[in-house]
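A quick write-up on the structure given underneath.
Quick note: numbers below take in every heavy atom, side chains included, and nothing from hydrogens, waters or symmetry partners.
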Amino acid sequence: MSTMKAAVLYEIGTSPKYDEFPEPKEHGDFVKVSMIASTIKQLDRGRVSGKHYLKYTKFPTTVGIDGVGRLEDGQLVYCFGDGMIAEKSLVEKGKYAPISNEVDPYVAAALPNTLLGSDMALLFRAEIKKGDVVLVNGATGVTGSVAVQIAKIRGASKVIAAGRNEEALKKLQAEPYGVDEILVLNSEEGVATQMKQILDKQPIDIVLDYLWGQPTEMIIKAIVAQKQYHITKIVSVGEMAGSSINLPSAALRSTAISILGSGLGSFPATQMHTYYKEHLNELLLLNKQGKLKVDIKIIDLKDIEKEWLVNEKSVRTVVKIN
């Protein structure tokens with residue numbers, strides 16, 4: 001039996017180990033791919049810890065849900081499946097996006113998941129249109145910093161970045177991020193004052209929300225306080241500040257707020273596959289041109305165990321495999 005090096009999980013709640021594991025065998029519509037790079041994301045950590053609804057149940061197992069690799073014919077692809085942090089993995093025929101050999105494979109591994117939480121949320125759920133005003137709540141994280149750029153690429157007339165760290169928010173006002181205004185989540189009174197100043201200039205069309213919890217409560221309260229009819233779509237993508245909010249029924253009856261979610265179950269999987277095939281290369285080209293930035297940290301596969309819990313929120317950890 002052929003073996004390979006991989007990130008192997010032996011027990012839920014532990015860190016994956018760098019170890020030997022049997023190579024997967026092609027079967028049915030699944031073909032082998034030689035992995036070049038994968039990433040460690042919140043979803044990966046959640047599954048391994050057992051806190052995510054897609055937690056692992058059979059052990060030992062390889063981990064990782066996506067990455068960049070080469071098919072047997074040499075084609076470079078972005079693909080998703082099971083056990084992607086490994087030298088070899090399986091991908092369903094046609095369920096991958098061919099990418100140019102000219103792009104950085106490590107960026108190509110990191111960017112797609114941030115697009116799932118930013119561009120797909122804006123296109124599929126918020127249905128962004130040219131001229132929209134977009135507030136990104138939780139803009140200083142990896143996906144949030146991509147979102148402020150993507151919003152402009154998709155035609156937003158103004159982008160507002162919200163977060164707790166004022167210094168980090170101000171950095172997003174420089175190129176290539178191009179944020180127009182910042183909202184410092186310092187206190188309920190402070191948010192109310194800042195939001196009134198923002199909303200007095202123009203209403204907000206889309207709130208792309210990575211925080212939920214109290215920060216989102218404060219933003220909704222400020223929109224309600226304006227007592228102005230305007231359709232504002234609040235799209236929940238994450239819950240970094242809490243898994244629930246206190247939302248009075250009157251807040252929905254007295255405004256035109258719509259609350260939506262964006263994630264793997266909120267649009268068809270076929271739509272996601274099509275998106276990557278149609279848009280990934282053009283966005284990777286923008287990255288190469290310096291017009292779309294994603295911060296990455298590259299680690300070696302052999303260091304997977306010690307790096308697993310090192311969660312630097314401002315960068316995406318990319319695992320170098322081959």
Legend entry - Check: Leu111 main-chain N/O paired with Arg316 side-chain donor or acceptor under 3.5 Å: no
Inset, instruction - Using the rule that two of Ile, Leu, Val, Met, Phe, Trp, Tyr join whenever any of their side-chain heavy atoms come within less than 4.5 Å, decide whether Tyr177 and Ile160 are in one cluster. - result: no
Legend entry - Lys32: which of Glu87, Glu23, Glu72 passes salt bridge (charged side-chain N to carboxylate O under 4.0 Å, His left out): Glu23
Inset, instruction - Could you tell me whether Glu282 atom CD has more than 12 heavy atoms of other residues or ligands within 6.0 Å of it? - result: yes
Legend entry - For Asp205, the option from His230, Lys129, Lys233, Lys158 that meets side chain to side chain donor-acceptor pair (under 3.5 Å): His230
Inset, instruction - Starting from the C-alpha separation in whole Å, work towards a yes-or-no answer on side-chain contact (heavy atoms from CB on, under 4.5 Å) for Met4 and Glu20. - result: CA-CA 5 Å; Met4 63 180 179; Glu20 295 281 343; 5.7 Å; no
Inset, instruction - Taking the side chain as every heavy atom from C-beta outward, state whether Met218 and Gln214 have any atom pair closer than 4.5 Å. - result: yes
Legend entry - Heavy-atom closest pair, residues Leu90 and Pro24: CG-CB, 3.6 Å
Legend entry - Minimal non-hydrogen separation, Asn281 against Pro98, with atom names: ND2-O, 2.9 Å
Legend entry - Cation over ring face, Lys95 and Phe80, 6.0 Å, 45°: no
Legend entry - Expected output: side-chain Asp300 to main-chain Asp303 donor-acceptor under 3.5 Å: no
Legend entry - Value rounded to 0.5 Å, distance of OG in Ser145 from CG in Asp295: 6.0 Å
Inset, instruction - Would you kindly confirm whether Leu172 and Val315 end up in one hydrophobic cluster when ILVMFWY residues are joined by side chain heavy atoms under 4.5 Å apart? - result: no
Inset, instruction - Evaluate the criterion side-chain contact (heavy atoms from CB on, under 4.5 Å) for residue pair Lys170 and Ile182; output intermediate values, then yes/no. - result: CA-CA 7 Å; Lys170 287 180 177 178; Ile182 64 172; 3.9 Å; yes
Inset, instruction - Measure the shortest side-chain to side-chain distance between Met84 and Ile65 over non-hydrogen atoms and say whether it is less than 4.5 angstrom. - result: no
Legend entry - Val103 side chain near Leu285 side chain, heavy-atom distance below 4.5 Å: no
Inset, instruction - Evaluate side-chain hydrogen bond (donor to acceptor under 3.5 Å, both in side chains) for Thr140 paired with Asn165, printing each intermediate quantity in order. - result: CA-CA 8 Å; Thr140 58; Asn165 188 325; over 6 Å; no
Inset, instruction - Please say whether more than 12 non-hydrogen atoms of neighbouring residues, nucleotides or ligands are located less than 6.0 Å from CG in Leu252. - result: yes
Legend entry - Residue pair Arg45 / Trp308: nearest heavy atoms and the distance that separates them: NE-O, 2.9 Å
Legend entry - Shared hydrophobic cluster for Ile36 and Ile85 (ILVMFWY, side-chain gaps under 4.5 Å): no
Legend entry - Side chain to side chain, Asp44 and Val63, heavy atoms closer than 4.5 Å: no
Legend entry - Verdict with supporting geometry, Lys152 and Asp180, salt bridge (Lys or Arg N to Asp or Glu O under 4.0 Å): CA-CA 10 Å; Lys152 282 291 183 75; Asp180 299 287; 3.1 Å; yes
Legend entry - Leu115 side chain near Leu280 side chain, heavy-atom distance below 4.5 Å: yes
Inset, instruction - Please check if atom CD in Gln289 has more than 12 non-hydrogen atoms from other residues, nucleotides or ligands closer than 6.0 Å. - result: yes
Inset, instruction - Before giving the answer on side-chain contact (heavy atoms from CB on, under 4.5 Å), spell out for Met272 and Leu264 the whole-Å C-alpha distance, their side-chain angles and the decisive distance to 0.1 Å. - result: CA-CA 9 Å; Met272 182 170 65; Leu264 291 173; 4.0 Å; yes
Legend entry - CG-CG distance between Leu185 and Leu211, expressed to the nearest 0.5 angstrom: 6.5 Å
Inset, instruction - Over all heavy atoms of both residues, which pair between Val235 and Ala121 is shortest? Give the atoms and the distance, please. - result: CG1-CB, 4.4 Å
Legend entry - Any donor-acceptor N/O pair, Asp132 side chain to Ala156 backbone, under 3.5 Å: no
Legend entry - Backbone N/O of Gln271 and side chain of Thr274: donor-acceptor pair under 3.5 Å: no
Inset, instruction - Hey, could you give me the OG/CG distance between Ser266 and Leu260, rounded to the nearest 0.5 Å? - result: 9.0 Å
Inset, instruction - Taking Ser157 for its side chain and Gly131 for its backbone only, find out whether a donor-acceptor pair lies under 3.5 Å. - result: yes
Inset, instruction - Given side-chain contact (heavy atoms from CB on, under 4.5 Å), test Leu116 with Tyr276 step by step and report yes or no. - result: CA-CA 9 Å; Leu116 171 63; Tyr276 283 132; 3.9 Å; yes
Inset, instruction - Evaluate the side-chain proximity of Met195 to Ile204: yes if any heavy-atom separation is below 4.5 Å, no if none is. - result: yes
Inset, instruction - Any chance you could measure Ile257, atom CD1, to Ile231, atom CD1, to the nearest 0.5 Å? - result: 11.5 Å
Inset, instruction - Would you mind reporting whether Ile198 and Val133 have side-chain heavy atoms less than 4.5 Å apart? - result: no
Inset, instruction - Count the heavy atoms of every other residue, nucleotide or ligand shown that sit under 6.0 Å from NZ of Lys17, and state whether that count exceeds 12. - result: no
Inset, instruction - Report yes or no: do Leu283 and Leu76 belong to one cluster of Ile/Leu/Val/Met/Phe/Trp/Tyr joined by side chain heavy-atom distances under 4.5 Å? - result: yes
Legend entry - Straight-line distance of Lys320 NZ to Lys302 NZ, nearest 0.5 Å: 10.0 Å
Legend entry - Lys221 atom NZ, neighbour heavy-atom count above 12 within 6.0 Å: no
Inset, instruction - Check whether Ile259 and Met240 end up in the same hydrophobic cluster, where Ile, Leu, Val, Met, Phe, Trp and Tyr are linked by side-chain heavy atoms less than 4.5 Å apart. - result: yes
Inset, instruction - To the nearest 0.5 Å, tell me how far Lys41 NZ sits from Asp66 CG. - result: 4.0 Å
Inset, instruction - Identify the heavy atoms of Leu9 and Tyr56 that sit nearest to each other, and give their distance. - result: CD2-CD1, 3.7 Å
Legend entry - Close side-chain approach of Val318 and Thr39, heavy atoms under 4.5 Å: yes
Inset, instruction - Give a yes or no on whether Glu102 atom CD has more than 12 heavy-atom contacts from other residues, nucleotides or ligands under 6.0 Å away. - result: no
Legend entry - Contact summary for Ala109 and Val68, nearest pair of heavy atoms: N-CG2, 3.5 Å
